[in-house]
Engineer: 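A single structure is presented below for examination.
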Amino acid sequence: MAILSDQPSVSSHPKPTTSSLQTEIPFSEPSMREWVHWIVADIPGGTNPSKGKEILPYVSPRPPVGIHRYILVLFRQKMPLGLVEQPQSRANFKTRMFAAHMDLGLPVAAVYFNAQKEPASRRR
């Protein structure tokens, strides 16, 4: 069974333009830290991410063995972001640094869940 095999659905307040990004933070592999799955910017208020500008295409989570936390973070943009370069790597992404660089401020919403994948030898 795939977890979030489709892009997450996000709806926003009617007024602000928003930016969305989803990251995974492995508990068992702290050296990897955050792994970004998706970044969408300039989402018109009251619409969904398909109306925004996809900075990094969606890649569904495929966790290795262990416990992983998945987070969908929503920021309210102060203005359209314009040209945004893709991160060089999905691994070791730093949400706080990205938000500071883009002047996004603090998140206005976040949703998270934990998922655990057991080794094949321990499956039922």
Engineer: Please collect all salt bridge (Lys or Arg N to Asp or Glu O under 4.0 Å) contacts where either partner lies in residues 79-89, sequence neighbours excluded, each pair once.
Structural biologist: none

Engineer: So, for Gly105 and Ala99, which heavy atoms are closest and what is the spacing to 0.1 Å?
Structural biologist: O-CB, 4.1 Å

Engineer: Closest heavy-atom contact between Ser89 and Val36?
Structural biologist: O-CG1, 4.5 Å

Engineer: Applying side-chain contact (heavy atoms from CB on, under 4.5 Å), run through Ile39 and Glu54 and close with a yes or a no.
Structural biologist: CA-CA 6 Å; Ile39 300 176; Glu54 192 170 64; over 6 Å; no

Engineer: Tell me which pairs pass salt bridge (Lys or Arg N to Asp or Glu O under 4.0 Å) where either residue lies in residues 91-106, with sequence neighbours left out.
Structural biologist: Lys78-Asp103

Engineer: Tell me, please, which residues at least two apart from Lys53 pass salt bridge (Lys or Arg N to Asp or Glu O under 4.0 Å).
Structural biologist: Asp42

Engineer: Closest approach of Pro49 and Val40, non-hydrogen atoms and distance?
Structural biologist: O-CG1, 3.6 Å

Engineer: I need the minimum non-hydrogen distance between Arg90 and Trp38, along with the two atoms involved.
Structural biologist: NH1-N, 4.2 Å

Engineer: Please collect all side chain to side chain donor-acceptor pair (under 3.5 Å) contacts where either partner lies in residues 104-113, sequence neighbours excluded, each pair once.
Structural biologist: none

Engineer: Quick one: list whatever passes side chain to side chain contact (heavy atoms under 4.5 Å, CB included) with Val84, sequence neighbours left out.
Structural biologist: Ile55, Leu81, Phe98, Met102

Engineer: Say whether, by atom type as modelled, one donor and one acceptor occur between the side chain of His37 and the main chain of Tyr58 under 3.5 angstrom.
Structural biologist: no

Engineer: Rounded to the nearest 0.5 Å, how far apart are CG of Leu72 and CZ of Phe113?
Structural biologist: 9.5 Å

Engineer: Which heavy atom of Thr95 sits nearest a heavy atom of Phe75, and at what distance?
Structural biologist: CG2-CZ, 4.1 Å

Engineer: I need the Leu104 CG to Gln77 CD distance, nearest 0.5 Å.
Structural biologist: 6.0 Å

